[in-house]
Participant: 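Dropping a structure here in structure tokens format, bear with me for questions.
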There are 2 protein chains.
Amino acid sequence: MGQENIIKDMEKLEQARNRFITEIAKNIYLYNITPSVGRLYGTVFFSEEPMTLDEMSKAMGMSKTSMSTGIRSLLEADMVERVWERGIRKDLYKVEDDWYKSFSNVFINRWRNATELNKQAIEETKGLLNRLMDETEYEAVRVKAEKDLKKLTEVEEYYGWLTEVISLFETGAIFDIVPKSSKERNKNKSYE
Amino acid sequence: MGQENIIKDMEKLEQARNRFITEIAKNIYLYNITPSVGRLYGTVFFSEEPMTLDEMSKAMGMSKTSMSTGIRSLLEADMVERVWERGIRKDLYKVEDDWYKSFSNVFINRWRNATELNKQAIEETKGLLNRLMDETEYEAVRVKAEKDLKKLTEVEEYYGWLTEVISLFETGAIFDIVPKSSKERNKNKSYE
DNA sequence: AAGTTTGTTCAGAAAAAACTGTACGTAAAT
DNA sequence: ATTTACGTACAGTTTTTTCTGAACAAACTT
């Protein structure tokens with residue numbers, strides 16, 4: 001067999017990798033990352049060595065500019081990290097290989113942030129409504145405001161709960177409840 | 001004071017509501033819902049009565065077409081439900097007022113789906129790689145494939161864990177761990 | 001049966017997001 | 001000190017998404 005066969009096999013390898021990369025790209029929207037950047041993540045994921053922006057650009061057939069902004073998104077999401085190698089001037093990146101950590105981080109940061117902002121908005125809205133209740137002389141307004149306050153209080157309870165849930169992930173307590181190791185998990189199955 | 005003052009107070013009520021609606025719109029992207037549809041949700045949330053598409057259209061200053069498509073998104077996400085009132089021909093919608101339920105649903109469905117697809121992709125990719133390992137005569141290819149298989153196996157573990165976590169929400173077991181009531185939660189705080 | 005009312009489909013317009021190439025600033029190499 | 005290599009800001013282009021109004025279909029009213 002000739003030399004061209006190793007190329008054929010390399011292509012097959014590429015195809016296999018591509019199957020997974022495509023799926024990542026399709027579902028990464030849950031982390032608020034675009035499909036393109038998802039593919040970038042997949043590319044770096046399979047790379048045996050940390051990659052430079054130029055290598056990514058070549059591998060993805062996209063501009064270096066896009067690699068630069070894409071990798072920054074991944075960096076901010078803690079899904080990728082920069083590494084140094086002596087003698088190499090270019091920036092090198094590799095995926096954070098602890099998926100428990102990298103994906104938990106994205107999840108925690110995004111949700112923690114949104115939850116806090118929403119809680120704050122509820123507080124402020126309640127403040128406005130309470131002030132209105134005090135000031136208004138119209139029963140109709142007071143009734144409406146009261147109803148809104150009730151709704152907001154219910155929602156507030158929900159956000160309180162959500163905050164606790166997020167803490168579970170932040171503190172790592174979730175790993176006591178659902179262990180990382182599948183053997184550990186199966187052991188727990190018995191007394192469910 | 002004249003009649004115009006109740007209008008002023010109603011405007012204040014509107015402003016208060018708007019504070020919360022704006023925040024929802026800003027953060028609802030986490031549920032893969034667009035800001036506009038988030039505002040729609042907020043509008044229906046504060047409405048004392050179930051709303052028709054025409055009312056929404058008027059309240060939002062947007063086309064009825066947009067209300068139609070927007071409400072469908074919310075409906076599919078179980079964040080809003082259709083209600084019937086006798087004598088009224090138009091479709092009426094109200095928000096699902098159990099936020100634990102409505103928001104858990106979106107979360108569960110989206111993540112369950114993505115996780116399953118990713119797990120499947122891993123299986124298939126592994127299949128392709130294993131086949132390649134069998135067929136190839138090039139050591140270099142085999143080494144690469146082996147490395148990829150190892151990475152995928154690690155990721156697979158993560159997805160296994162994630163599946164279990166999602167189940168926690170699906171089965172409601174999460175509510176034993178983090179109770180809905182804030183009093184219950186504080187009680188647990190003591191032995192943390 | 002004819003005429004309304006209501007929600008949705010669809011094509012096009014408007015807005016937003018993603019992507020690119022050029023240009024520039026910084027830091028290393030000569 | 002000059003040149004070269006590298007990453008990123010920015011402006012413009014392309015692509016995608018969102019939004020709208022007109023036309024349509026189904027269901028209700030008379």
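Model, not experiment: these values are computed from the prediction. In what follows, chains carry the letters A, B, and so on, assigned in the order in which the sequence lines appear, proteins first and then strands, with residues in each chain numbered from 1. Both backbone and side-chain heavy atoms feed into the values below; hydrogens, waters and symmetry mates do not.
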Participant: Taking transitive links into account, so neighbours of neighbours count too, which hydrophobic residues share a cluster with A:V143 at under 4.5 Å side-chain distance?
Facilitator: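 Reading the cluster by chain and number, A:V143 sits alone, since nothing else belongs.
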Participant: Suppose the criterion is salt bridge (Lys or Arg N to Asp or Glu O under 4.0 Å): which pairs have a residue in residues 55-72 of chain A, not counting sequence neighbours?
Facilitator: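 Of all non-adjacent pairs touching residues 55-72 of chain A, those that pass salt bridge (Lys or Arg N to Asp or Glu O under 4.0 Å) are A:D54-A:K64.
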Participant: Take the protein atom CD1 of B:I71 and the nucleotide atom P of C:dT8, then report the distance between them rounded to whole Å.
Facilitator: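 It works out to 10 Å between those atoms.
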Participant: Extract all donor-acceptor atom pairs below 3.5 Å that involve side chains of residues 144-155 of chain B and protein atoms in other chains or at least two apart in sequence.
Facilitator:
unit_1, atom_1, unit_2, atom_2, d
B:K144, NZ, A:E48, OE1, 3.1
B:D148, OD1, A:R17, NH2, 3.4
B:D148, OD2, A:R17, NE, 2.7
B:D148, OD2, A:R17, NH2, 3.3
B:K151, NZ, A:F45, O, 2.8
B:K151, NZ, A:F46, O, 3.4
B:K151, NZ, A:S47, O, 3.2
B:T153, OG1, B:K126, NZ, 3.3
B:T153, OG1, B:L149, O, 2.8

Participant: Do any N or O atoms from the side chain of B:S57 and from the backbone of B:M62 form a donor-acceptor pair under 3.5 angstrom?
Facilitator: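 Yes, because the side chain of B:S57 sits within donor-acceptor range (under 3.5 Å) of the backbone of B:M62.
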Participant: Measuring only between side-chain heavy atoms, which start at C-beta, is B:Y93 closer than 4.5 Å to B:E81?
Facilitator: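 Contact flag for B:Y93/B:E81 side chains = no.
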Participant: Is the closest side-chain heavy-atom distance between A:Y29 and B:N32 below 4.5 Å?
Facilitator: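 Of all side-chain heavy-atom pairs linking B:N32 with A:Y29, at least one is under 4.5 Å.
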Participant: Considering only distance and modelled atom types, tabulate donor-acceptor pairs under 3.5 Å from the side chains of residues 103-111 of chain A, sequence neighbours left out.
Facilitator:
unit_1, atom_1, unit_2, atom_2, d
A:S104, OG, A:Y100, O, 2.5
A:N109, ND2, A:N105, O, 3.2
A:R110, NH1, A:Y31, O, 2.2

Participant: Would you mind building the protein contact string for nucleotides 15-30 of chain C? One character per nucleotide, 5' to 3', B for base within reach (heavy atoms under 4.0 Å), S for sugar-phosphate only, - for untouched.
Facilitator: ---SSBB------SS-
Participant: Taking any atom closer than 4.0 angstrom to a non-hydrogen atom of chain A, what span of DNA chain D does the protein reach, first nucleotide to last?
Facilitator: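 Terminal contacting nucleotides, 5' to 3': D:dA5 to D:dC10.
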Participant: Send over the distance from B:D91 CG to C:dT8 P, rounded to a whole Å.
Facilitator: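 One finds 6 Å between P of C:dT8 and CG of B:D91, rounded.
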Participant: Show the nearest heavy-atom pair for residues A:I33 and A:A77, with the distance to one decimal.
Facilitator: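 Heavy atoms only, the tightest pair is CD1-CB, 4.4 Å.
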Participant: Between B:S68 and C:dG7, is there a side-chain N or O to OP1/OP2 distance below 4.0 Å?
Facilitator: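 No, because none of the side-chain N or O atoms of B:S68 sits under 4.0 Å from OP1 or OP2 of C:dG7.
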